[in-house]
**Student:** 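Before I ask anything, let me first share the structure, which is written out below as structure tokens.
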Amino acid sequence: MRKQIVAGNWKMNNDIDASKSLVKNIIKKLKKKSLKNTRVIVAPTFVNLQKVASKAKKTKVEVAAQNMHQAKSGAFTGEVSAEMLKSVGVKIVILGHSERREYFGETDAILAEKVNAALENKLEVIFCFGEVLEDRKSDNHFKVVESQIKNGLFHLEASAWKNIVLAYEPVWAIGTGETASPEQAQEMHAFIRKIVTDKYNSDVAESVSILYGGSVKPANAKEIFSKEDVDGGLIGGAALNADDFVALVNSF
Ligand code: 13P
């Protein structure tokens, strides 16, 4: 049975005190809850990863980075490698977020390299993709999503997919208050599972968790998460508040 996942992408929010207190509150609120098939992940900024990872150690909360560089080490001012992430207790990395693609010029080719570097270092990858509004209006959303997944991930062997989580984040729904309808999310997630089946096999496709991201809140999560092919969410704004975030975990 595939895992259900609620992952909080804190983006460029929360200083060290706010980060520590947010993770502490989430851990406390989850303490009495039996999570069985559900994973809870938080992704603070680089500078707060070590502290948050050490607070989350031996709890129900896992810690992810929001990005990493593809090279092992060297003259890449301002960048952070997979090994560095591992050395501070991080086991998961988000790659391909639309904000990285849009504002930092991350192309499909760069992302494929990042995916390889992460997997070589035994990091699990939450791989993001999604169409912009224009693509959807012109009915190109399936094509765009297929090409992002194909270029970023389809070079991998089937066995590598056990360390991949997919996150469909339509750009028009990120931070806008506008969500894809549960039907739109389900339609895209089913399409994604189909292209993974066609490329690999149904075992790979049925095992991979596919998260939806874009203005998920406690008020709409239940309906979205109840869709057959939606295995949870990658959450921005609502992940910055412990009550809201834990309410999302409780929406399964
Ligand atoms: P919002 O939940 O704020 O729309 O952000 C979604 C997102 O980008 C998560 O990575």
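When a ligand or atom number is given, it counts from 1 through the structure's own listing order.
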**Student:** Hey, what do you get for NZ (Lys11) to CD (Gln66), rounding to the nearest 0.5 Å?
**Tutor:** 9.0 Å

**Student:** More than 12 heavy atoms of other residues, nucleotides or ligands under 6.0 Å from NZ of Lys33: yes or no?
**Tutor:** yes

**Student:** Taking NZ, NE, NH1 and NH2 as the nitrogens, is one of them in Lys143 or Asp135 under 4.0 Å from a carboxylate oxygen of the other?
**Tutor:** no

**Student:** Roughly how far, to the nearest 0.5 Å, is the CD atom of Gln70 from the CD atom of Glu113?
**Tutor:** 5.0 Å

**Student:** How many angstroms lie between CD in Glu62 and NZ in Lys91, if you round to the nearest 0.5 Å?
**Tutor:** 8.5 Å

**Student:** Can you tell me which residues line ligand 1 if we count any heavy atom under 4.0 angstrom from one of its atoms, in chain and number order?
**Tutor:** Asn9, Lys11, His97, Glu169, Ala173, Ile174, Gly175, Gly214, Ser215, Leu234, Ile235, Gly236, Gly237

**Student:** Just to verify, which of Ile41, Ile235, Val165 counts as forming a side-chain contact (heavy atoms from CB on, under 4.5 Å) with Leu211?
**Tutor:** Val165

